[in-house]
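Working notes, structure below.
Numbering starts at 1 and runs along the sequence shown. Just follow the structure's listing: the first ligand is 1, and inside any ligand the first atom is 1. Remember, predicted model here, so these are calculated numbers, not experimental data.
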Amino acid sequence: MEPTLPATEARPATPPPASGLDARLARVMPAAERAAHAPLIEEINRLKRELGVAILAHNYQTPEIFHGVADFVGDSLALARQAVASDAERLVVCGVHFMAETAKILNPERTVLIPDPEAGCSLADSITAADIRALRERYPGAPVVTYVNTSAAVKAESDICCTSGNAVEVVESLGVPRVIFLPDEYLGSWVASQTDVELILWRGHCEVHERFTGPEVAAFRAANPGITVLAHPECPPEVLAEADYVGSTAGMISYVGDRRPERVVMITECSMSDNVAVAHPEVEFVRPCNLCPHMKRITLPKILASLEQGIHAVEVDPAVAAQARQAVERMLAVAPRGGVRR
Ligand code: 13P
Ligand code: SF4
């Protein structure tokens, strides 16, 4: 069994001087693309300082956002923690809608902006608050653990939230033999393989990770002898069975930083490899990846418009937010152990 990786937190992502940034982005982006991004990066950084805004970016954001304009980067758990820790007057969340909504739930008094409110998530769309009420009737007494990839209304019906970075700890923190775990079936079956707690699952899937297959991963191993395979727990079980490490996006980044594998493949969204490759030029990245169309709705021009016009403010009904906040705060109180491991 491999040692537990250190817990991952949102990391300051203060942009380096323009020339340093250009050299770093050159590892993953052609000159014409960098030249197109440079004036936008400069203007966004100027404006965010002037307005007292903090930009929080998920690990799946493109390198020009992740390395160019973000103040903090991380996985869903780290972004939720940072949304509480930040003292900025306004937050701009570069990620999908549930991430911005979670930041708003935790900061009802602050303005939380998302550059494109249409940035959704197939997992969040897979379940409703009414579905949870029906499950509670069917399994009376079983607490409901909900992945943060859900709407505020679903969180409000839940006992506690979790992310891919703390799901096992959250499930075990309840001290009960059986829980309802929603909505990601594959994350749930992965968690079930790591604990004695029985999990009642829902059949929600991530449209990005469900497309990876076990034979595809096996073929990468055959073509790249000695390669280290890292996979996100939203992948199907046959994919996770082929992986050397299973963990959240932050867990995968920590793995590369700590172990410096010679060659690695990250079975997850495309921008992950680019973002980590910028930071680790010594590691060779083999890149099978699937694009998240929702994450890719966030672009530099939309971030600039968000700052200039104060759009798009995330609003959550106060009563729903108060209920949802309890579930998110219970999660934040569970001590993190780092990525899920195998
Ligand atoms: P992480 O919490 O691991 O960053 O995952 C979020 C997500 O949406 C994965 O698809
Ligand atoms: Fe949702 Fe999947 Fe995109 Fe993550 S990668 S935001 S789970 S659709």
Side-chain angles (χ1 to χ4, degrees), residues 5 7-11 56-62 66 70 72-83 93-103 114 116-127 146-151 154 161-170 182-188 190-191 202-212 230-236 239-240 243 245-256 266-273 275-276 289-298 328 331-332 334 336-341:
L5 291 171
T8 49
E9 296 296 327
R11 293 172 293 117
L56 275 49
H58 185 260
N59 293 326
Y60 291 162
Q61 290 296 292
T62 50
F66 186 95
F72 293 94
V73 291
D75 64 358
S76 306
L77 179 58
L79 295 186
R81 288 193 189 283
Q82 190 56 39
V93 177
C94 296
V96 290
H97 192 265
F98 76 80
M99 295 175 178
E101 204 174 48
T102 302
I114 181 164
D116 187 330
E118 300 298 316
C121 170
S122 63
L123 280 169
D125 289 344
S126 73
I127 191 154
T146 297
Y147 196 27
V148 287
N149 298 39
T150 45
S151 67
V154 164
C161 288
C162 74
T163 73
S164 57
N166 64 8
V168 177
E169 295 96 309
V170 166
L182 311 164
D184 187 357
E185 182 182 24
Y186 297 149
L187 172 64
W190 173 255
V191 172
W202 185 253
R203 298 193 65 183
H205 299 136
C206 161
E207 69 188 77
V208 178
H209 290 90
E210 73 176 347
R211 297 210 301 273
F212 293 108
L230 313 181
H232 195 277
E234 290 171 11
C235 294
V239 171
L240 303 184
Y245 170 79
V246 177
S248 76
T249 56
M252 285 189 259
I253 293 173
S254 294
Y255 188 104
V256 174
M266 291 180 161
I267 309 296
T268 189
E269 211 274 341
C270 299
S271 291
M272 273 281 291
S273 294
N275 290 334
V276 188
C289 65
N290 292 328
L291 206 77
C292 174
H294 313 292
M295 287 280 177
K296 265 52 222 183
R297 293 184 81 101
I298 310 297
V328 178
M331 168 187 83
L332 295 177
V334 174
R337 194 175 67 192
V340 182
R341 68 198 160 97

Under 4.0 Å from a heavy atom of D75: give me the atoms of ligand 1 that qualify, with their elements. 1 (P), 2 (O), 4 (O)
Considering distance alone, does some N or O of T249 sit under 3.5 Å from an N or O of ligand 1? yes
Heavy atom of the protein closest to atom 5 (O) of ligand 1 (residue, atom name, distance): H232 NE2, 3.3 Å
Return the residue, atom name and 0.1 Å-rounded distance of the protein heavy atom closest to atom 2 (Fe) of ligand 2. C206 SG, 2.3 Å
Within this structure, what is the CG-SG distance for the pair L240 and C235, rounded to the nearest 0.5 Å? 5.5 Å
Sub-4.5 Å side-chain heavy-atom contact between S164 and Y147: yes
What protein heavy atom is closest to atom 8 (O) of ligand 1, reported as residue, atom name and distance in Å? N149 ND2, 3.3 Å
Which atoms from ligand 2 have a heavy atom of Y60 less than 4.0 Å away? 5 (S)
H294 near atom 3 (Fe) of ligand 2 via N/O/S, less than 2.8 Å: no
Short list, please: which atoms of ligand 1 are under 4.0 Å from a heavy atom of S248? 3 (O)
Going by the 4.0 angstrom heavy-atom rule, the piece of E269 near ligand 1 is neither
Could you tell me, atom by atom, which parts of ligand 2 come under 4.0 Å of a heavy atom of L123? 7 (S)
Using a 3.5 Å distance criterion without hydrogens, assess whether the side chain of N166 forms a donor-acceptor pair with backbone atoms of E169. no
Name the closest protein heavy atom to atom 2 (O) of ligand 1, giving the residue it belongs to and the distance to 0.1 Å. S76 OG, 2.8 Å
Quick check for you: to the nearest 0.5 Å, what is the distance between F212 atom CZ and Y186 atom OH? 13.0 Å
Less than 3.5 Å apart, any donor N or O on the side chain of Y60 or T268 sitting next to an acceptor on the other? yes
With only distance considered, is H58 within less than 3.5 Å of ligand 1 through an N or O on each side? yes
Using a strict cut-off of 4.0 Å, indicate which atoms of ligand 2 neighbour a heavy atom of E234. 2 (Fe), 7 (S)
For atom 1 (Fe) of ligand 2, grab the closest protein heavy atom and report residue, atom and distance to one decimal in Å. C121 SG, 2.4 Å
Tell me which one of H58, K296, Q61 satisfies side-chain hydrogen bond (donor to acceptor under 3.5 Å, both in side chains) with S271. K296
Does any N or O atom in N59 lie less than 3.5 angstrom from one in ligand 1, N or O only? no
Would the distance check show the side chain of H232 and the main-chain N or O of E234 forming a donor-acceptor pair, the cut-off being under 3.5 Å? yes
Distance (rounded to the nearest 0.5 Å) between C161 SG and M331 CE: 6.0 Å
Give a yes/no verdict on whether any heavy atom in H209 is under 4.0 Å from an atom of ligand 1. yes
Report, in ascending order of atom number, the atoms of ligand 2 lying under 4.0 Å from any heavy atom of S122. 8 (S)
Quick one: look up the protein heavy atom nearest atom 3 (Fe) of ligand 2 and list residue, atom name and how far away it is. C292 SG, 2.4 Å
Side chain to side chain donor-acceptor pair (under 3.5 Å) between T249 and N59, intermediate numbers included: CA-CA 7 Å; T249 56; N59 293 326; 2.9 Å; yes
Any donor-acceptor pair under 3.5 Å linking the side chain of W202 with the backbone of S126? yes
Show me which atoms of ligand 1 lie under 4.0 Å from any heavy atom of Y60. 7 (C), 9 (C), 10 (O)
State the atoms of ligand 2, each with its element, that fall below the 4.0 Å cut-off from a heavy-atom position in N149. 7 (S)
Reported CG-to-OG distance for the pair L230 and S254, which is rounded to 0.5 angstrom: 11.0 Å
Atom 9 (C) of ligand 1 has as its nearest protein heavy atom E234 OE2, 3.2 Å
May I ask you to check if the distance between the SG atoms of C270 and C289 is under 2.5 Å? yes
More than 12 foreign heavy atoms under 6.0 Å from CZ of R211: is that the case here? yes
